[in-house]
Protein chains: 2
Amino acid sequence: MKNTIHVERAIKRITQADLAEAVGVSRQTINALEASKYVPSVVLALKIARYFDKPVEAIFELEKED
Amino acid sequence: MKNTIHVERAIKRITQADLAEAVGVSRQTINALEASKYVPSVVLALKIARYFDKPVEAIFELEKED
DNA sequence: CTTAAATGTAAAGTTTGCTTTACATTTGAA
DNA sequence: TTCAAATGTAAAGCAAACTTTACATTTAAG
């Protein structure tokens, strides 16, 4: 599983803390997601995708090992 | 969080066990998802969506309480 | 350079996804 | 009606998501 949260965030010029607050999780959760330290729930993925106004698939991509 | 796995499965006329095997989880996991007993990871959601050839958003929908 | 904001990281704790085993109930085809 | 397949459900256990607190490092603006 890889994601482009870092990129989307750069485009919108938003901090990890901003995104965290917008989707209702802790800043560390966003940081860990960007570092691929774990896989989010589909609820969180949907909220992040909705925030960036893109489909889930545009931000979260399956890899072979998934 | 609600999902339409049951419906998609009915359209394709597949059993819970078939879907489970196709996406690499146990049959009980699919059963529990259909019963909304829990929220899947985005990896599992992506696999299910891909299996049904639809976007994640077409199968998994956020509700107010999410 | 200095300082504040942003990011990285870590540890301990709680909750929840998902598994396995096991059994009961429902459904559908012969 | 009978028998098998499909579904529902439950409990115990493990792994992973996510939280809070706390601190160190990097980045950027003045």
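Naming: A, B, ... by sequence-line order, numbering from 1 per chain. The analysis underlying the following values was restricted to heavy atoms, covering all of them including side chains, and did not include hydrogens, waters or symmetry mates.
- Checked options V42(A), L44(A), I48(A); the residue passing with L46(A) is V42(A) (criterion: side chain to side chain contact (heavy atoms under 4.5 Å, CB included)).
- For the pair L33(A) CG and dA16(D) P, the interatomic distance rounds to 15 Å; values are reported in whole Å.
- DNA chain C is contacted by R9(A), T15(A), Q16(A), R27(A), Q28(A) of residues 4-28 of chain A, taking any non-hydrogen atom closer than 4.0 Å.
- Applying the salt bridge (Lys or Arg N to Asp or Glu O under 4.0 Å) test to K2(A) and every residue at least two apart in sequence or in another chain returns nothing.
- Whole-Å rounding puts the N31(A) CG to dT25(D) P distance at 16 Å.
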List, one per line, each side-chain donor-acceptor pair under 3.5 Å for residues 53-62 of chain B, sequence neighbours excluded.
residue: K54(B); atom: NZ; partner: E8(B); partner atom: OE1; Å: 3.3
residue: K54(B); atom: NZ; partner: E8(B); partner atom: OE2; Å: 3.1
residue: E57(B); atom: OE2; partner: V56(A); partner atom: N; Å: 2.9

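- Taking atom OH of Y38(B) as the reference point, atom C1' of dG17(C) lies 6 Å away to the nearest angstrom.
- Listed here is the closest heavy atom pair of Y51(A) and V23(A): CB-CG1, 4.4 Å.
- The nearest pair of heavy atoms linking Q16(B) to E34(B) is NE2-OE1, 3.2 Å.
- Comment: E21(B) does not engage R27(B) in a salt bridge, judged by the lack of any side-chain N to carboxylate O separation of less than 4.0 angstrom.
- For N3(A) (side chain) and S36(A) (main-chain N/O), no donor-acceptor pair under 3.5 Å exists by modelled atom type.
- Taken over five-pair windows at either terminus, the axes of the helix from dC1(C)-dG30(D) to dA30(C)-dT1(D) are inclined to one another by 60° (rounded to 10 degrees).
- F52(B) and V7(B) are members of different hydrophobic clusters when ILVMFWY side chains are connected at heavy-atom separations under 4.5 Å.
- The stretch residues 41-62 of chain B touches DNA chain C through S41(B), L44(B), each having a heavy atom within less than 4.0 Å of the strand.
- Atoms CG (D66(B)) and P (dA17(D)) sit 18 Å apart, rounded to a whole Å.
- Atoms CD1 (I30(A)) and P (dA17(D)) sit 14 Å apart, rounded to a whole Å.
- The side chain to side chain donor-acceptor pair (under 3.5 Å) test applied to D18(A) returns T15(A), not counting sequence neighbours.
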